[in-house]
Amino acid sequence: MSTLAKATEIITGTETSDREHALLLLREMLRIRRFEEKAAEIYTMSKILGFLHLYIGEEAVAVGAMQALTPEDRIVATYREHGQALARGVPAKSLMAEMYGKATGCSHGHGGSMHFFDVDRRFYGGYGIVGGGLPIAVGLALADRMQGHPEIVTACFFGDGAVAEGEFFESLNLSALWKLPVLWLCENNLYAMGTALERHQAQTNITFKAQGQGVPSSTVDGMDVVAVEAACRQAAEIVRKTGNPFLVELRTYRYRAHSMADPDLYRSKEEIAEWQTRDPIATYQTRLRGQALLNDKELSEIEGEVAKEVADAIDFAETSPWEPVENLLKDVCAPEAPKP
Amino acid sequence: MSTLAKATEIITGTETSDREHALLLLREMLRIRRFEEKAAEIYTMSKILGFLHLYIGEEAVAVGAMQALTPEDRIVATYREHGQALARGVPAKSLMAEMYGKATGCSHGHGGSMHFFDVDRRFYGGYGIVGGGLPIAVGLALADRMQGHPEIVTACFFGDGAVAEGEFFESLNLSALWKLPVLWLCENNLYAMGTALERHQAQTNITFKAQGQGVPSSTVDGMDVVAVEAACRQAAEIVRKTGNPFLVELRTYRYRAHSMADPDLYRSKEEIAEWQTRDPIATYQTRLRGQALLNDKELSEIEGEVAKEVADAIDFAETSPWEPVENLLKDVCAPEAPKP
Amino acid sequence: MKKKMTYREAIRAALRQAIRNDPAVFLMGEDVGRYGGAFAVSLGLLEELGPERIRDAPLSESTFVGAGIGAALAGMHPIVEIMTVNFSMLALDQIVNNAATLRHMSGGQLHVPLIVRMATGGARRMAAQHSHSLEGWYAHIPGIKVLTPATVADAGGMLLAALQEEDPVFIFEHATLYPISAENEEEIAPVDICKAAVRRPGKDITLIGFGATVNKSLQAAEQLAAKGIDAEVIDLRVLRPLDSATIMESVAKTHRAIVVDEAWKTGSFAAEISARIMEDAFDELDAPVARVCGAEVPMPYAKHLEDAALPQPATIVSAVQAFF
Amino acid sequence: MKKKMTYREAIRAALRQAIRNDPAVFLMGEDVGRYGGAFAVSLGLLEELGPERIRDAPLSESTFVGAGIGAALAGMHPIVEIMTVNFSMLALDQIVNNAATLRHMSGGQLHVPLIVRMATGGARRMAAQHSHSLEGWYAHIPGIKVLTPATVADAGGMLLAALQEEDPVFIFEHATLYPISAENEEEIAPVDICKAAVRRPGKDITLIGFGATVNKSLQAAEQLAAKGIDAEVIDLRVLRPLDSATIMESVAKTHRAIVVDEAWKTGSFAAEISARIMEDAFDELDAPVARVCGAEVPMPYAKHLEDAALPQPATIVSAVQAFF
Ligand SMILES: Cc1ncc(C[n+]2csc(CCOP(=O)(O)OP(=O)(O)O)c2C)c(N)n1
Ligand SMILES: Cc1ncc(C[n+]2csc(CCOP(=O)(O)OP(=O)(O)O)c2C)c(N)n1
Ligand SMILES: [Mg+2]
Ligand SMILES: [Mg+2]
């Protein structure tokens, strides 16, 4: 598709700026991959508890999409939001500490893996109820529109499973009806837990659904970080210029089970293997090598730096304090304000 | 559209059977019109209380659609269901008694105007929560499908306002995904209370929305009873043959306020007047006269019979008993059954 | 300047003031604009304040409530009207899982200055789907405030007070109260939203109600006075956080209490009041606290049945007489 | 033939029997089939019973619950699984306004033989959106039955008993109970679903719980026995209709009671129990009924905070000691 064409332009150039950007995309994807590989290990040691939803395999989506956003833009994500948070620049240590449940976590240990928040980075959180973040995105964009900033984009990530929820349609309609600057990002990884898209949707073409609600859309190969960046830049551009919503469907795949609790009985090893041949990181590395933009030395440097960042995050989490139990009821409501 | 063409065939024939049918359509529409005119009068006398939503102007929709259904078919309606109940053959007296709150009402006085039920006629009720009846229709059709009767059609009436509710999309998807024999009948009267369709939907084309959920659809002039009958027969045929859902959008208009409580400030007198020139009853009468299928004598006979039916219904309601207060808690749950 | 106004007009006046005085405030809901509000509360405000600030929403309760939450996170102070409590269940996920949790779940980074108004209650012959009294469910949810104005003064004043809060405030307007009228300051001022109010002092027994059951209790108290029983009537006003102190002071004086609540008895908020009195004033009690609540039945349409299903002054009176 | 089985296996066995023996019965919900159930309750049943009877549903809670209601109206007896109570709010409109009202609203023409199962409760480090305890809300709704199996025997037996009912039955399976195991008849048989059960007889004080708080109360009772306090433990089993008699008999013996409920205290079902004891056994009480409930906070993720937010055997023990 045209965005793919447009995409390759970005990369084939050879000025350093392009090269730097290419390596940045690779590094960002690796940060997510290595961070989550460690998190999974730590989970087995019962230091991370509850739900842990890994993004491994989908890194190109968060990394590519995040390139299209400015610091003023707002982000709404799901319970599967490690990738978005890291790509947005939320410090790995505050994320790891959050998963440990430490007071130094990005949500003070109140949220865990599913509920990362970082308001300074306009990261408005991971939402655990499927579809539950979409109305929030509508509201953030409504506030920007009403406050005279239709150029601020609210990027809302959600999965293919969320399109089964009525809130998806209600939210798309409101965003189009009220002309709100929302960039709808549908991470179509083909499964909602164990339910394949074609087993939960009679019409699997998500762009038809968007059209029915008056939201223009595009579809992109979510395993190709360059294509994702191009498609999202194009879409974000439209949203920023028009102040109206746009939906991008990102075709991707989750390599790990839905969560650490999932026995993953509903898909074949072959299917997973087939998608692994399209690994967003491996394929991008090959591509960069082919374009002489990456060599072994550079790669191991990057891997080294990433490994250190993750190790530091774990140290930080391990050594961070717990929130005192006396604070249990803190932050439920505002501290009593003087009354009229 | 083609159904209109097809429609006119039905009527231009002159054998008695056609003529009888033509007069039946007229009579049915008049029964609804006169019944509701009286109901509105009685409401002002505070004998009917709560909400009263009149169907006046939309009679062709219920009457035309009902022709396409067999006694085995099932009907789900909204709080604006006087027309559907009458056209389905629920006795006028049991409806009037229900609106009086009498024990002889079709719902024993428990439901009132919004909640008519008549299981013998497979009339599964008027639902007061917008969109709330659609999942019920999915379930009725699911039961028929699972019990080996995909030829039984569940006809589900709902308004244009209901397409704003997520349940509309969820229900269409489930009906298509599970191949359920549901005839979705969208009564598009252009307003949801005071909110015009274009002020609550970015994409006002309802067939696009159906398509996005995998449900084929057609649109028909809901002010033309013949066209409605033809379109619904065609659609019901498809549902019966395929066992799959189909949606018909019926373009119609409500002449009276949304409910007796509505000051009707949101639309112009001109608009109402313009639509009144397309009155489904007046235009049909003219048409029948033009085809020499109706004369003054026949019309006044019909009017007389209809007036009598309504008068009898009022007598019945007036003279019917109240449910004894001692029965207040009856029918909340099954009478205690013997336990294991 | 005082002026006779209705409960409805007091809310309208408060809305007008709030929206005029603060660019962050706006009203959003079904038919609040062109239609004028299902209960005519916002009648005329669209013309005065425009469609941005008096915003008609589609029939999408979950999403426009969620949009209110999102807008509140980004600098606005939305007043969302859910036409009636009966439709609020469609938005309950957004309320329980987002509005009420975001401050805590984000470690205090976020807060949700949102107001949700809704009409509540029965007695209008609306039958089983349009007559719910679910204030007690909302009062169960940590992270929000729940207000139940029972007077003209509270109808307007509570809305302005709610706008001074940083967290979500839910205001339940009993639909039968919209037409009541009273002398009121033309310029609405915020009222206290911390304390319950003693609406009628008395020494023999305490009648505790909120919303529509306050007036019913006052009527009962008048009838009881004729019978020589001096009942104190408490209007809870705020269901969450609950002002236990005012209740306990009264019980310490009267040693008897009846809670009057239109909701179905089992699991009603009346049970919470009874349990609190048990916990905080057990030794003061000369008799068990009683509850006069709604009958446990989906609301019937027929007037005589609905009247029988709801607490009435007469049923309160006989419940009181059972104490003496 | 007795056999050691888990709570999870008992439900699975009951599902298998019910679906095999009655063509009207089927299981419908998110990921009940291919995935095997979020809690592996229906693991293997798809292969045994096929996709018609073990029906995977899209993420459309409101609609597949409503579809269950509709199917029940037309001759089926659906068992709908809502993955967890946390998602049930999306279906609450269908439950409150349709499932619970249709029999009455139709004048008795219709009835809704529907079972809705859902996992409930906290203590699994699932944080604020996945740890709700809302059984009390459901127990407020006339027209439905509410069951809370706390044992392996009840887990399977209650499901089969529920299938003998003509009205909607809601079964709350506390997620922490799925792995518990006990000797149980291999062939599941229906159990009584009218009465509460005395799980441990005692004479000094009555501990009243349901679901997960039954075992916590039993653990507390053991610790108290060592301290010379003999606690009676009641498992409510059925929250609606509530078996008051068993509670009052116990209180008449012990004269003291504590209600243990994981839900937020204010507006909890524990309040209803306390109020009922006040109303029916006031003169039997030597001390006010106490409540040990969940802290009023959105559930925190961190283990030490969640543990502090929920009733624990230790907190029950100290609440009891405050009586003596
Ligand atoms: C309303 C609701 N129903 C069910 C769940 C349980 N659940 C959590 S994630 C999930 C699948 C969501 O799939 P998708 O939207 O495609 O996102 P993905 O996990 O694939 O990223 C389900 C069913 C939930 N969290 N919320
Ligand atoms: C969920 C819900 N929200 C709001 C209402 C109040 N209400 C009743 S009818 C109605 C308009 C519905 O319009 P439409 O679906 O077009 O049906 P019509 O009345 O035009 O026949 C509204 C908003 C309701 N009954 N249910
Ligand atoms: Mg997915
Ligand atoms: Mg309409």
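Numbered from 1 within each chain, the chains take letters A, B, ... in sequence-line order.
If you tally non-hydrogen atom pairs under 4.5 Å between each of A192(A), G111(A), S113(A) and chain D, the highest count goes to G111(A). Interface summary for chain A: among M299(D), R34(D), K303(D), the most heavy-atom pairs under 4.5 angstrom belong to R34(D). Listed options D307(D), L59(D), V297(D) were ranked by heavy-atom pairs under 4.5 angstrom with chain A; first place goes to L59(D). When the candidates R124(D), E306(D), H304(D) are compared by the number of heavy-atom contacts under 4.5 Å with chain A, H304(D) comes out ahead. The most heavy-atom pairs under 4.5 Å with chain D, out of K102(A), M193(A), K330(A), H110(A), come from M193(A). Of the residues considered (A309(D), P58(D), A128(D), G33(D)), P58(D) shows the highest number of contacts with chain A, using heavy-atom pairs under 4.5 Å. Per-residue heavy-atom pair counts under 4.5 Å with chain A were compared for A40(D), S60(D), A57(D), and the maximum is reached by S60(D).
Note: H115(A) and H130(D) have tilted aromatic rings, judged against thresholds of 30 and 60 degrees for the angle between ring planes.
Within the 4.5 angstrom heavy-atom criterion, only backbone atoms of Y100(A) (N, CA, C, O) approach chain D. Heavy-atom distances place no part of L52(A) under 4.5 Å from chain D, backbone and side chain included. Only the side chain of M114(A) comes within less than 4.5 Å of a heavy atom in chain D; its backbone stays farther off. Neither the backbone nor the side chain of D264(A) comes within contact range of chain D; no heavy atom of the residue lies under 4.5 Å from a heavy atom of that chain. For chain D, no part of A103(A) is nearby; none of its heavy atoms comes within less than 4.5 Å.
Judged by distance alone, with hydrogens and angles left aside, the side-chain atoms of Y301(D) form a donor-acceptor pair with the main-chain N or O of M99(A) at under 3.5 Å.
Within a 6.0 Å sphere centred on CZ of R251(A), heavy atoms belonging to other residues, nucleotides or ligands number 12 at most.
Here the closest non-hydrogen pair linking A295(D) and L328(A) is CB-CD2, 3.8 Å. Nearest approach of G101(A) to A302(D), heavy atoms of both residues: O-CB, 3.4 Å. Between R125(D) and L49(A), the shortest heavy-atom distance links the atoms CG-CB, 3.6 Å.
Here E30(D) pairs with nothing under the salt bridge (Lys or Arg N to Asp or Glu O under 4.0 Å) rule; sequence neighbours left out.
With a 4.5 Å cut-off on side-chain heavy atoms, W322(A) and L305(D) do not count as touching. Side-chain contact between I129(A) and M89(D) is absent, with no heavy-atom pair separated by less than 4.5 Å.
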Give every donor-acceptor pair under 3.5 Å between a side-chain atom in residues 41-52 of chain D and any protein atom, sequence neighbours left out.
{"unit_1": "S42(D)", "atom_1": "OG", "unit_2": "V32(D)", "atom_2": "O", "d": "2.7"}
{"unit_1": "S42(D)", "atom_1": "OG", "unit_2": "G36(D)", "atom_2": "O", "d": "3.4"}
{"unit_1": "E48(D)", "atom_1": "OE1", "unit_2": "R16(D)", "atom_2": "NE", "d": "2.7"}
{"unit_1": "E48(D)", "atom_1": "OE1", "unit_2": "R20(D)", "atom_2": "NH2", "d": "3.0"}
{"unit_1": "E48(D)", "atom_1": "OE2", "unit_2": "R16(D)", "atom_2": "NE", "d": "3.1"}
{"unit_1": "E48(D)", "atom_1": "OE2", "unit_2": "R16(D)", "atom_2": "NH2", "d": "3.1"}
{"unit_1": "E52(D)", "atom_1": "OE1", "unit_2": "R55(D)", "atom_2": "NH2", "d": "3.2"}
{"unit_1": "E52(D)", "atom_1": "OE2", "unit_2": "R55(D)", "atom_2": "NH2", "d": "3.4"}

Name every donor-acceptor pair, under 3.5 Å, that has one atom in a side chain of residues 61-69 of chain D and the other anywhere in the protein, sequence neighbours excluded.
{"unit_1": "S62(D)", "atom_1": "OG", "unit_2": "E167(B)", "atom_2": "OE2", "d": "2.6"}
{"unit_1": "T63(D)", "atom_1": "OG1", "unit_2": "E170(B)", "atom_2": "OE1", "d": "2.9"}

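Scanning residues 198-213 of chain A against chain D with a 4.5 Å non-hydrogen threshold yields R199(A), H200(A), sorted by number.
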